[in-house]
Amino acid sequence: RGATRSSGSSSSIRGVDERDLILLESAITAIDEAAAAVAAEVERDRLTVPSLARLSTVEAELRRSRLALEKIIQEETT
């Protein structure tokens, strides 16, 4: 890894280096964990209808964010 970093831009894959990819993959993992927590809360069915509706929106936004990150990773590694 050290040798490639010293060579400047050649250390990256289309501008994204290994560290960046690890951070993006970590973000995907965090989104997955957040989405699972939201889904678990919805399953408990203890919230009011408006709160459940907001959580459904949050869950959908998390899914969209995950897809966007996956697309970025795919674009930067191909």
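Here the CD1-CG distance, from Ile73 to Leu24, works out to 5.0 Å after rounding to the nearest 0.5 Å. Separation of atoms CG (Leu67) and CD1 (Ile31) is listed at 9.5 Å; rounding is to 0.5 Å. Taking CD of Glu25 as the start and CD of Glu18 as the end, the distance is 9.5 Å to the nearest 0.5 Å.
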Which atom pairs, donor and acceptor, lie under 3.5 Å between side-chain atoms of residues 32-44 and protein residues at least two apart or in another chain?
residue	atom	partner	partner atom	Å
Asp32	OD1	Arg66	NE	2.5
Asp32	OD2	Arg66	NE	3.4
Asp32	OD2	Arg66	NH2	3.1
Glu41	OE1	Arg44	NH1	2.6

Just distance, no hydrogens or angles: give the donor-acceptor pairs under 3.5 Å from side chains in residues 57-64, sequence neighbours left out.
residue	atom	partner	partner atom	Å
Thr57	OG1	Ala53	O	3.2
Glu59	OE2	Arg63	NH2	3.1

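Every residue meeting the side-chain hydrogen bond (donor to acceptor under 3.5 Å, both in side chains) condition with Thr48, not counting sequence neighbours, appears here in chain and number order: Ser51.
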